[in-house]
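First the proteins, then the strands, lettered A, B, ... as listed; each starts at 1. Please read all numbers here as calculations on a predicted model, not as lab measurements.
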Amino acid sequence: MNPVSDAAQHSPLLKNLNPEQLAAVTAAPEPALILAGAGSGKTRVLTTRIAWLLQTGQVSPGGVMAVTFTNKAAKEMLTRLSTMLPFNVRGMWIGTFHGLCNRFLRAHWKLAHLPQAFQILDASDTTSAIKRVIRAMNLDEERFVPKQVGWFIAGCKEDGQRPGDVDARDEQTRKLVEIYANYEDQCQREGVVDFAELMLRSYELLRDNPAVREHYQNRFRHILVDEFQDTNKLQYAWLKMFAPPGAGNGQSLLAVGDDDQSIYAFRGARVGNMADFEREYRVKRVIKLEQNYRSFGHILDAANELISRNSQRLGKTLRTDAGLGDPIRVQEAPSDFAEAQWLIEEIQQLHRGGLDRQEIAVLYRSNAQSRVIESALFNSGIPYRVYGGLRFFERAEVKHALAYLRLLENANDDTSFLRVVNFPTRGIGAKTLENLQDAAKATGRSLYQSVGAIQGKGGANLVAFTNLIDSTRNLTQGMTLREIIEQVLETSGLLDFYRTDKDGAERLENLDELINAAEAFVMQEGFGKNAVGLPVDEVAEAGTPGAVPDAETGEIMSPLVAFLTHASLEAGDNQAQAGQDAVQLMTVHSAKGLEFDAVFITGLEEGLFPHENAMSDHDGLEEERRLMYVAITRARKKLSLSFCQTRMLHGQTRYNVKSRFFDELPEGALKWLTPRNQGFGSGFAREYQQAWERGSGLKGMVGAGRVERAAWVEPPVPASMKQKVSNEHGGLRVGKGVFHTKFGEGVLLTLEGSGTDARAQVNFGRHGTKWLALSVAKLTPID
DNA sequence: TTCTCGCTATTTTTT
DNA sequence: ATAGCGAGAA
């Protein structure tokens, strides 16, 4: 039945897998759908399958592609794989949809009609770029709210639609499409792409270039997709380009997903892709992973019972061998303050009982709910960490620094230009910038290129700014990434600004952290990859996640461009700092994929959870229910649910009814801590509240800053990993002439790295200074 | 150019 | 309640 040999079936990798997991891991090389329930060992199955395929010689490292949604999941997969495999896995095509698209577009930048050093706009860059378009078109920003226009454009792209494809039936939509078209032109002019564009552009490239498409179809024998229920229309279409249905070419597309955990439909995710996949790929057998290794029985019973109320399901019931465990505790609190106070007591008790604080999670439906809980935790001195705040690369000071760095690479990046042209202030005001933008618009050139057209004092200040950029660019030639950033921070005046700013200390720290991040990035990317033993041409295509060589010439991005890309693609981890034991606070959405010993689901009130805005349609309620399902299944041992009779929301007291989800849970699994149906204002509740209000200094503390903000930390790089910089490599010498088949003669400036990762910086004069991967580029020394 | 006042919106958001 | 933003004043 299975073409794999007996020996392969007895690989030590396959030990301790249950029958379903084993079936998934060793599934025949054909399309397969794995329905993986929460806590069923999904990641283990994915990584074990990849390791097993490689170990049994069914595929080479270059023939595998594994796609995830989050950087975290991708990292997790790489980490686990590297412990299972004897070689370095970093060169393999394992990453997020967007990360892999980036890698692909860097290798085929010419076909994609992009500059090789194209930069990626994050969500806020995108919004400000759209805002500029709307202003340039003299449109009303009330009627065309930049953020909403952004959603519209992203929505079009995720549906695979260019401006010409959109069916605009009304005036408003026609205008939106016009904005979309202008925004596209602007991005193209500036050499930038947004997140959705990364996907759409690579999809179109594959669609329109049969040779490239066939090449990749032949290359990737095994494609594995994680969280398939969250894919949107475009992502599914993108996957089909790599592995078309019904091709019968022996490719294996393995989709892993859980329809019950689909909670991103509101963002364009199509659960229906799972059913479509099953049909279009004629999937013979759907493997269900229903054995749960995470939670006790009462918790699973509750999850199963709740989710069974949904109508549109592929069908799946979790089971465990772990026994029933503790019942689910339910608390009714008179107010949100009292709920928070109850949480404190519970958390203290759990902690006294020996539970680490980081094993305790407090979940809520919307971010606004975290405030009360935070101040209560703050008051009682319990360390906590809130997820979902500003991430490292999104901080203003870091974005400013990155904008300067981007301008060094591409001065035509108007988004970056506008961000820092007057920061720190240089006497360039709104009026001057308006004139500049008019001049740029008239000639179709970038702001940087139009500076000469502005007269007077503003013009002189603008020239001073471009001179600053130009001279910094010259000054930093040949510098290491660290030196470049240090130089930019100094000459831009950012350091001076924050040094004199009264609360600039934290910002200076973050800028320092930026240098560390860059240093860590260089170390991580620049050392010892592709010990994988990929053939040279596959290295060219796979490259390294950080710096991808051109598929033809071997030219790679400079470390600076690679770092800037890294910064946009990975906004920085919200991951907890190691060694700090703190209670975890987050929305249910951001808890997906995580697990804790003890979980508190708070604010279970009608209108809040399920949220009123989601209940306009039937699907909305089902998605809320799936969200509740995700929340419940995060808990390993202890689960508590709570709701409040009253809650302060938008400055007003709301009187609540408990969530309908309570009626959908098995009564036998619940333990009510408060008498049922207790009215508001009953003796107990009133007393509790009064005691609470007397005893707490909370009123003064509300609005106090958040403690222990999640910080972004790069793993420390051991000194032994220091990158090799040499003067010689295979007959090439720094300072001597070299010849490249495409770029002609040049002078060798720098040599870095070793082995297949060796790279060279060469000044080709007319063609400029370029970084080349020596494993790909054909460089010969000239005497 | 920068500061301050007042208006508005406030579900979730992996990239 | 409150953060974020835009318009007018200093």
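- Counting non-hydrogen atoms under 4.0 angstrom, Ile428(A) reaches the backbone sugars and phosphates but no base.
- Heavy atoms from other residues, nucleotides or ligands lying under 6.0 Å from CD of Gln312(A) number 12 at most.
- For Arg634(A), the side-chain hydrogen bond (donor to acceptor under 3.5 Å, both in side chains) partners at least two apart in sequence or on another chain are Gln261(A).
- The P atoms of dT13(B) and dG4(C) are separated by 16 Å, rounded to the nearest whole Å.
- The side-chain ring of Phe69(A) is not stacked on the base of dT15(B), judged by centre separation under 5.5 angstrom and plane angle under 30 degrees.
- When rounded to the nearest whole Å, the span between NZ of Lys72(A) and C1' of dT15(B) equals 15 Å.
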Between N or O atoms, less than 3.5 Å apart, protein on one side and nucleotides 8-11 of chain B on the other: list the pairs.
{"from": "dT11(B)", "atom 1": "O4'", "to": "His611(A)", "atom 2": "NE2", "distance (Å)": "3.2"}
{"from": "dT11(B)", "atom 1": "O2", "to": "Arg365(A)", "atom 2": "NH1", "distance (Å)": "2.8"}
{"from": "dT11(B)", "atom 1": "O2", "to": "Arg365(A)", "atom 2": "NH2", "distance (Å)": "2.6"}
{"from": "dT11(B)", "atom 1": "O4", "to": "Asn613(A)", "atom 2": "O", "distance (Å)": "3.4"}

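- For Lys42(A), the side-chain hydrogen bond (donor to acceptor under 3.5 Å, both in side chains) criterion is met by Asp226(A), Glu227(A), not counting sequence neighbours.
- A straight line from NZ of Lys592(A) to P of dT15(B) spans 12 Å, rounded to a whole angstrom.
- Rounded to an integer number of Å, the gap from CD of Gln369(A) to P of dA1(C) is 18 Å.
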Might you list the N or O atoms of the protein lying below 3.5 Å from N or O atoms in nucleotides 4-7 of chain C, with each pair's distance?
{"from": "dG6(C)", "atom 1": "OP1", "to": "Lys131(A)", "atom 2": "NZ", "distance (Å)": "3.3"}

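- In this structure, Lys233(A) fails the cation-pi test against Tyr236(A), since its NZ or CZ atom is not both closer than 6.0 Å to the six-membered ring centre and inside 45 degrees of the ring normal.
- One finds a side-chain N or O of Thr587(A) lying less than 4.0 angstrom from the OP1 or OP2 phosphate oxygen of dT13(B).
- Where Glu623(A) and Asn461(A) meet DNA chain B, the nucleotide closest to each residue was compared, and Asn461(A) sits on the side nearer the 5' end.
- Using a 4.0 Å heavy-atom criterion, one finds that Gly593(A) contacts no nucleic acid atom at all.
- We find that OH of Tyr264(A) is positioned 6 Å from P of dT13(B), with the value rounded to whole Å.
- Here Ala112(A) pairs with Leu105(A), Leu114(A), Arg201(A), Leu205(A) under the side chain to side chain contact (heavy atoms under 4.5 Å, CB included) rule; sequence neighbours left out.
- Residue Phe97(A) is tested with Phe228(A), Trp238(A), Phe104(A) for a ring pair (Phe, Tyr, Trp, His ring centres under 6.0 Å); the sole match is Trp238(A).
- Phosphate contact (OP1/OP2 of dA1(C), side-chain N/O of Arg647(A), threshold under 4.0 Å): absent.
- Taking the ring centre of Tyr629(A) as origin, the terminal cationic atom of Arg309(A) falls outside the region bounded by 6.0 Å and 45° from the ring axis.
- In this structure, a donor-acceptor pair under 3.5 Å is absent between the side chains of Asn656(A) and Arg647(A).
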Tabulated below should be each protein N or O lying under 3.5 Å from an N or O of nucleotides 2-6 of chain B; please produce it.
{"from": "dT2(B)", "atom 1": "OP1", "to": "Thr425(A)", "atom 2": "OG1", "distance (Å)": "3.2"}

